[in-house]
2 protein chains.
Amino acid sequence: MPPLTRAKIVAAAIDLIEREGADAISMRRIAADLGVGVMSLYNHVPNKATLLDAVAETVLSQISFTDDPEAEWTERVRIQARAFRQIAHHYPRSTMVVVSRQLKSPAGLFPVERALATLREAGFGGEDAVQILRTFIAYIIGSLLREVGVTPTFAPVHRSDVHLPDVDATLFPEVGTLAPLLGVCDHEEAFEYGLDLLIRAIDVQLRDSRSSKGESARG
Amino acid sequence: MPPLTRAKIVAAAIDLIEREGADAISMRRIAADLGVGVMSLYNHVPNKATLLDAVAETVLSQISFTDDPEAEWTERVRIQARAFRQIAHHYPRSTMVVVSRQLKSPAGLFPVERALATLREAGFGGEDAVQILRTFIAYIIGSLLREVGVTPTFAPVHRSDVHLPDVDATLFPEVGTLAPLLGVCDHEEAFEYGLDLLIRAIDVQLRDSRSSKGESARG
DNA sequence: CCAGGGGGACGTACACCGTACGTACAAGGG
DNA sequence: CCCTTGTACGTACGGTGTACGTCCCCCTGG
């Protein structure tokens, strides 16, 4: 019999989540999928919670960051942000477990280091860099949840053509008018829209801070 | 014996969630808190899932939107966004269940209608209004999750002074340098930072679109 | 006033969950 | 050789959601 491994268990867990959803996951199911006794899992994993932590870490560590030091800094943060969105594509059902548990392993620190470095190199102060990073993280997480379909988008993510039209047009005139737009959502387009908004915002903020510095230096 | 009510059950559920966390919730606990048999609950609620839906709807419907039609539109969207952040304050533990299930009741449509109306009045086109709304929702949801402490903030939300300092300063120079900033997080400040960023961004976008329209009209 | 019926409260029962505990067996060191 | 160590495993306990059957109270028709 091939030996059981923590990695195999985590892989089976991810596989199960992607096949049947995060709710369907249980130690018994994982063991059954591996053709193994339930309690054998506990020789490699202390409990279910840390197994899910491992799932989150594994998924997160598989996102690929390609950084081009030659590129404009705005483009670099854009690329880094997009990298996170990959999660929702490669592991849609697992995204929720990634998001729903704060992990403490250094796996999550690499992206942070990279993002902060990019922002500092662009010229942002430490405080701004941290706040901007938090803003982007919040936006990305929220977008991930929308894409996975778990978030109250207020515009149902799927097959909404049945639900939207039946709203009272006198109570909700805007919703009624914009129903065709609310009913469909190209996640890529939506993500890029907000991402571009944020990037342009910090771009002008950087220019403003530079020019005000220049003024005070001149004054 | 006072009659059991759906509203009482929902209230007890919210109370339990806030006292002991979303994981601790179970039909048996709720029944016990109400001094009632477990199965009595099912006379008023079809199952646990729809009970949690009702919890989400109740919490969401309690956020108070105060809209001042006299105010600048930028201030109005700011206030509407802040209203959502109230959830994390009034019902911190329940926020996760609100976020984690997309609700279909009209309770969630009122804020959407209000937001879209504000944006349309400001001068945005329908498509932009919808995309902007989605961007703000994503940001707000992400911020909510950070505030509740469930999100991988990459900067642990609580008592991080133990964890942050022990990162390898040569591997993570930026994280090491900015550790004091990453270690603490004033959620209000962080939320306002990103919110201001987004609002300024859509403000300049609106001006740009207006001036380009003016140009094309002139040209 | 009484009979009947309907609805709510309840207890039991089942399938499933996470996991603590005790056992059996294979591999390596004295 | 024995003995230790580590892994696989079965059993068992307390928990979960909920389907089902029973009981009782109250409300209505006669």
Side-chain angles (χ1 to χ4, degrees), chain A residues 1-59 93-94 96-98 100-104 150, chain B residues 1-59 93-94 96-98 100-104 150:
Chain A
M1 159 188 305
L4 203 48
T5 310
R6 181 187 168 100
K8 284 188 191 175
I9 297 175
V10 172
I14 294 177
D15 201 57
L16 179 59
I17 292 176
E18 292 305 324
R19 282 204 326 272
E20 309 201 13
D23 295 339
I25 203 176
S26 80
M27 302 303 267
R28 284 171 161 88
R29 290 296 311 270
I30 296 173
D33 283 11
L34 287 168
V36 128
V38 191
M39 293 315 290
S40 306
L41 303 178
Y42 286 86
N43 289 321
H44 308 267
V45 164
N47 52 44
K48 187 185 184 182
T50 72
L51 202 183
L52 292 182
D53 281 341
V55 166
E57 183 176 336
T58 300
V59 168
R93 325 283 291 263
S94 304
M96 195 59 196
V97 347
V98 175
S100 68
R101 48 191 56 242
Q102 67 269 44
L103 62 167
K104 29 208 152 297
V150 64
Chain B
M1 157 186 307
L4 203 49
T5 310
R6 180 187 168 100
K8 283 188 191 174
I9 296 175
V10 172
I14 294 178
D15 202 57
L16 179 59
I17 291 177
E18 292 305 324
R19 282 205 326 272
E20 309 200 13
D23 295 339
I25 203 176
S26 80
M27 302 302 268
R28 285 172 163 84
R29 290 296 314 270
I30 297 173
D33 283 10
L34 286 168
V36 128
V38 190
M39 293 315 291
S40 307
L41 304 177
Y42 286 87
N43 290 321
H44 308 268
V45 164
N47 52 44
K48 187 184 182 182
T50 71
L51 202 183
L52 292 182
D53 281 342
V55 165
E57 183 176 336
T58 300
V59 168
R93 325 283 293 262
S94 304
M96 195 60 196
V97 346
V98 175
S100 69
R101 48 191 55 242
Q102 68 269 44
L103 63 167
K104 27 208 152 300
V150 66

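Each chain gets a letter, A, B and so on, in the order the sequences are listed, and its residues count up from 1.
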Roughly how many Å is it from CD1 in A:I30 to C1' in C:dC16, rounded to a whole number? 15 Å

Check whether any side-chain heavy atom of A:L51 lies under 4.5 Å from a side-chain heavy atom of A:L41, and answer yes or no. no

Taken to the nearest whole Å, CG/B:L34 to C1'/C:dG8 is 15 Å

Using whole Å, what does the distance between atom P of nucleotide D:dC24 and atom CG of B:N43 come to? 17 Å

Rounded to the nearest Å, what distance is computed from the NZ atom of residue B:K8 to the C1' atom of nucleotide C:dG8? 13 Å

Side chain of A:N47, backbone of A:T50: donor and acceptor closer than 3.5 Å? yes

Looking at B:H44, I'd like to know whether one of its side-chain N or O atoms comes within less than 4.0 Å of OP1 or OP2 on C:dG7. no

For B:R6, does the CZ atom have more than 12 heavy-atom neighbours from other residues, nucleotides or ligands under 6.0 Å away? no

Can you tell if the side chain of A:K8 reaches within under 4.5 Å of the side chain of A:H44, non-hydrogen atoms only? no

So how far is it from A:R29 CZ to A:I17 CD1, rounded to the nearest 0.5 Å? 12.0 Å

Taking the side chain as every heavy atom from C-beta outward, state whether A:L4 and A:V36 have any atom pair closer than 4.5 Å. yes

Is the phosphate of D:dC9, meaning OP1 or OP2, less than 4.0 Å from a side-chain N or O of A:S40? yes

Starting at atom CG of A:L4, determine the distance to atom P of D:dC9, rounded to an integer number of angstrom. 8 Å

Grab the N/O contacts between the protein and nucleotides 17-19 of chain C below 3.5 Å, and write none if there aren't any.
unit_1, atom_1, unit_2, atom_2, d
C:dC17, OP1, A:S26, OG, 3.0
C:dG18, OP1, A:M27, N, 3.2
C:dG18, OP1, A:K48, NZ, 2.9
C:dG18, OP2, A:M27, N, 2.9
C:dG18, N7, A:R28, NH1, 2.3
C:dG18, O6, A:R28, NH2, 2.9
C:dT19, OP2, A:Y42, OH, 2.8
C:dT19, OP2, A:K48, N, 2.9
C:dT19, O4, A:R28, NH2, 3.4

